[in-house]
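The structure appears below as structure tokens.
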There are 2 protein chains.
Amino acid sequence: MTKELRLGEFELLVLLAIIRLGDEAYGASVKRLLAKEINRDVSIGSLYSTIDRLQSKELISSIEGEPTPIRGGRAKSFLKITRKGETAVRLSKSNLTTMWKGLSINGGSEVNG
Amino acid sequence: MTKELRLGEFELLVLLAIIRLGDEAYGASVKRLLAKEINRDVSIGSLYSTIDRLQSKELISSIEGEPTPIRGGRAKSFLKITRKGETAVRLSKSNLTTMWKGLSINGGSEVNG
DNA sequence: CATATATACTCTACAAAGAAGAGTATATAT
DNA sequence: ATATATACTCTTCTTTGTAGAGTATATATG
């Protein structure tokens, strides 16, 4: 039932990037954010195939933007997470948190074991 | 360079389960823990193929146990995370935490610990 | 204007990770 | 002997992740 909502490792990162970028989320900006924040230099093809998949699973939606008056200002396809996408992100995070909790690998002082 | 250390979604959960189970980590107990903790009912085949992959990537090691005097007490293959596996887990967590930080979607618990 | 260059995205092919489930091994229970 | 319980193996297939050449479209420049 929640099987549709299961996110791959990279899908989750892309969704988080989209949320984070807000109104400025589109393929190229997602690529840049991932490179900057977590040093993940993914090829453009990898990224867009993941974006396509996320879209066909209705985890994100897109709106075509207008070309902007700057060099190379081709029209962007702005991305936005859907309700379903948010649910998927929350579920992933919840599972990770549950499995992570209280582990000695966690660096800090552990409360439980 | 860190590419070898990149973990799939399920690989990470399995590693966390192994850490958590300590001396009692082996295929069947990992399966049970995942079912109990995050409601993830994975087929036995999926789990062992992931365990095999983790092992061939040297993210976990295994030691054959002795048969136990209980019905169905077949010898277990005990699993243990390696140094390399711990590094991979830390990296995954770090990336997730970075991307997650400060997001409005963040209801309650945090991934980081 | 023609050509260079910049940003953004499309397409195709393939590799890695995840999933299923029948089958095998080996133990105790009856 | 046969049933049954736990643990693991094997094969096959689907989904995710990766790569990079190619296309589209904008401004910059000689």
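Order of the sequence lines fixes the chain letters, A, B, ..., with proteins taken first and strands second; residue numbering starts at 1 for each chain.
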What integer distance in Å separates Arg6(A):CZ from dA17(C):C1'? 13 Å
note: Leu47(A), atom CG; dT10(C), atom P; distance rounded to Å ~ 11 Å
Hey, does Lys57(B) reach any base, or is it just sugar-phosphate, or nothing, if we go heavy atoms under 4.0 Å? sugar-phosphate
Can you tell if the side chain of Met99(B) reaches within under 4.5 Å of the side chain of Leu33(A), non-hydrogen atoms only? yes
Closest nucleotide of DNA chain D for Val42(A) versus for Ala28(B): which of these residues is on the 5' side? Ala28(B)
Within the 4.0 Å heavy-atom criterion, would you say Ser77(A) contacts the bases, only the backbone, or no part of the nucleic acid? sugar-phosphate
How close or far is atom C1' of dC9(C) from atom OH of Tyr48(A), stated in whole angstroms? 5 Å
So does Arg40(B) get a side-chain nitrogen or oxygen closer than 4.0 Å to the phosphate oxygens (OP1/OP2) of dG18(C)? no
Please evaluate residues Glu9(B) and Leu12(A) with respect to the criterion side chain to side chain contact (heavy atoms under 4.5 Å, CB included), reporting the C-alpha separation (whole Å), side-chain torsions for both, the decisive distance (0.1 Å), and the verdict. CA-CA 9 Å; Glu9(B) 179 260 352; Leu12(A) 176 55; over 6 Å; no
So, do Leu59(B) and Ile81(B) sit near enough that their side-chain heavy atoms are less than 4.5 Å apart? no
What I'd like to find out is whether the side chain of Leu21(B) reaches to under 4.5 Å of the side chain of Tyr26(B), using heavy atoms alone. no
Can you tell me the distance, in whole Å, between the CG atom of Leu7(A) and the C1' atom of dA17(C)? 15 Å
Name the residue closer to the 5' end of DNA chain D, choosing between Leu12(A) and Ser29(B) according to the nucleotide with the nearest heavy atom. Ser29(B)
If we only count heavy atoms from C-beta on, is the Glu37(A) to Arg20(A) side-chain gap below 4.5 Å? yes
For atom CD of Gln55(A) and atom C1' of dT10(C), their distance in whole Å: 13 Å
Given the rule that a pair is Watson-Crick or G-U wobble with both distances under 3.5 Å, how would you write DNA chain C in dot-bracket, using | for pairs to a different strand? ||||||||||||||||||||||||||||||
NZ of Lys80(B): more than 12 outside heavy atoms within 6.0 angstrom? no
With a 4.0 Å cutoff (strictly under), does any side-chain N or O of Arg53(A) reach OP1 or OP2 of dG17(D)? yes
Separation of dA19(D) atom P from Leu34(A) atom CG, nearest Å, is 13 Å
Answer yes or no: is there a side-chain heavy-atom contact under 4.5 Å between Leu96(B) and Lys93(B)? no
Length of the CZ-P vector between Arg32(A) and dA6(C), whole Å: 14 Å
Does Tyr26(B) make a side-chain N or O approach to OP1 or OP2 of dC8(D) shorter than 4.0 Å? no
Quick one: do Glu24(A) and Lys76(A) satisfy salt bridge (Lys or Arg N to Asp or Glu O under 4.0 Å)? Show the steps, please. CA-CA 10 Å; Glu24(A) 278 303 313; Lys76(A) 294 159 180 136; 5.0 Å; no
Is it true that Thr97(A) and Ser94(A) share a donor-acceptor pair across their side chains at a distance under 3.5 Å? no
Reading nucleotides 22-30 of chain D from the 5' end, what letters show protein touch, with B for base, S for backbone sugar-phosphate only, - for no heavy atom under 4.0 Å? --BSBBS--
Scan Gly45(B) against the nucleic acid and name what it touches under 4.0 Å (heavy atoms): base, sugar-phosphate only, or nothing. base
Round to a whole Å and report the spacing from CD1 of Ile63(A) to C1' of dC9(C). 17 Å
Residues 62-73 of chain A side chain polar contacts: donor-acceptor under 3.5 Å, at least two apart:
residue	atom	partner	partner atom	Å
Ser62(A)	OG	Gln55(A)	NE2	2.5
Glu64(A)	OE2	Ser77(A)	OG	3.1

